[in-house]
Amino acid sequence: GAVVSQHPSWVICKSGTSVKIECRSLDFQATTMFWYRQFPKQSLMLMATSNEGSKATYEQGVEKDKFLINHASLTLSTLTVTSAHPEDSSFYICSARDFQGRSGGEQYFGPGTRLTVT
Amino acid sequence: QKEVEQNSGPLSVPEGAIASLNCTYSDRVSQSFFWYRQYSGKSPELIMSIYSNGDKEDGRFTAQLNKASQYVSLLIRDSQPSDSATYLCAVSIPGGFKTIFGAGTRLFVKA
């Protein structure tokens with residue numbers, strides 16, 4: 001149980017284009033999903049908290065107009081990187097919490113999406 | 001003061017030894033504690049959860065929690081080269097809506 005998928009697993013795009021990354025909880029409902037970014041050899045950095053049916057909460061310093069988050073259902077959240085630039089190249093990882101919180105707050109991570117902007 | 005602190009390492013242990021990973025946290029109301037393992041280039045994987053003081057064992061892994069000292073640790077017995085990874089300590093406050101991650105400790109198990 002507690003499987004989270006991400007799609008695509010890797011993507012290469014040209015500077016100025018937009019990229020959408022999907023995060024799905026496959027066997028549980030997730031009212032809350034989280035988006036992280038991780039640069040090589042660095043720590044996880046929380047970008048935003050995605051809540052089903054409401055606006056995402058962004059961490060300080062993260063541009064909400066550049067990183068658009070939509071959490072349209074209890075099993076799907078999407079992150080769109082708009083007008084991507086080479087400095088946005090990174091490893092983007094989503095995670096999800098079990099809907100009923102039975103787990104005590106564990107987050108289950110997707111496999112990540114490696115974005116390269118040329 | 002960082003909310004969750006870990007020694008960045010690297011921690012190097014020989015194969016078969018016990019690896020001891022430590023973590024301290026600053027928020028006394030923290031309620032849930034987790035250890036994640038992250039291999040290079042991969043996403044984190046949950047390996048242990050602990051909620052009450054004391055020890056919790058799962059196979060070769062033992063998590064230890066001391067809320068009075070705001071300290072949580074992970075012991076890996078009979079360490080294997082495949083255990084070489086970065087281990088992330090994570091802490092949730094009541095309600096569990098936000099989890100704070102430490103920066104991780106890199107572990108190397110030498111064959």
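Not measured: the values here are computed from a predicted model. Letters go in sequence order (proteins before strands), and every chain restarts at 1.
- Only the side chain of Gln38(A) comes within contact range of chain B, with heavy atoms under 4.5 Å apart.
- Heavy-atom contacts from other residues, nucleotides or ligands closer than 6.0 Å to NZ of Lys20(A) number 12 or fewer.
- Remark: Leu44(A) CG to Thr86(B) OG1 distance equals 10.0 Å, nearest 0.5 Å.
- Note that CG of Leu46(B) and CZ of Phe109(A) are 9.0 Å apart. Values are rounded to the nearest 0.5 Å.
- Side-chain contact between Leu88(B) and Ser43(A) is absent, with no heavy atoms from C-beta onward closer than 4.5 Å.
- Note that the CD1 atom of Ile100(B) and the CG atom of Leu46(A) stand 8.0 Å from one another [nearest 0.5 Å].
- In plain terms, the two heavy atoms of Phe101(B) and Gln107(A) that are nearest each other are CE1-OE1, 4.1 Å.
- Under the 4.5 Å side-chain heavy-atom criterion for ILVMFWY residues, no single connected hydrophobic cluster contains both Met47(A) and Phe91(A).
- Within the 3.5 Å criterion, the main-chain N or O of Gly110(A) finds a donor-acceptor partner in the side chain of Ser43(B).
- If you measure heavy-atom distances from Gln38(B) to chain A, the contacts under 4.5 Å come from the side chain alone.
- Annotation: Lys64(A), atom NZ; neighbour count of heavy atoms from other residues, nucleotides and ligands within 6.0 Å does not exceed 12.
- Residues Leu76(A) and Ile69(A) do not share a hydrophobic cluster, defined by chaining ILVMFWY side chains whose heavy atoms lie under 4.5 Å apart.
- The choice from Ser8(B), Gly104(B), Pro44(B), Gly102(B) that makes the most heavy-atom pairs within less than 4.5 Å of chain A is Pro44(B).
- No more than 12 heavy-atom neighbours from other residues, nucleotides or ligands sit within 6.0 angstrom of NZ on Lys42(B).
- Neither Met33(A) nor Val4(A) shares a network with the other; the hydrophobic side chains, linked directly or stepwise wherever heavy atoms of I, L, V, M, F, W or Y lie under 4.5 Å apart, form separate groups for each.
- Within 6.0 Å of CD1 in Ile18(B) there are 12 or fewer heavy atoms belonging to other residues, nucleotides or ligands.
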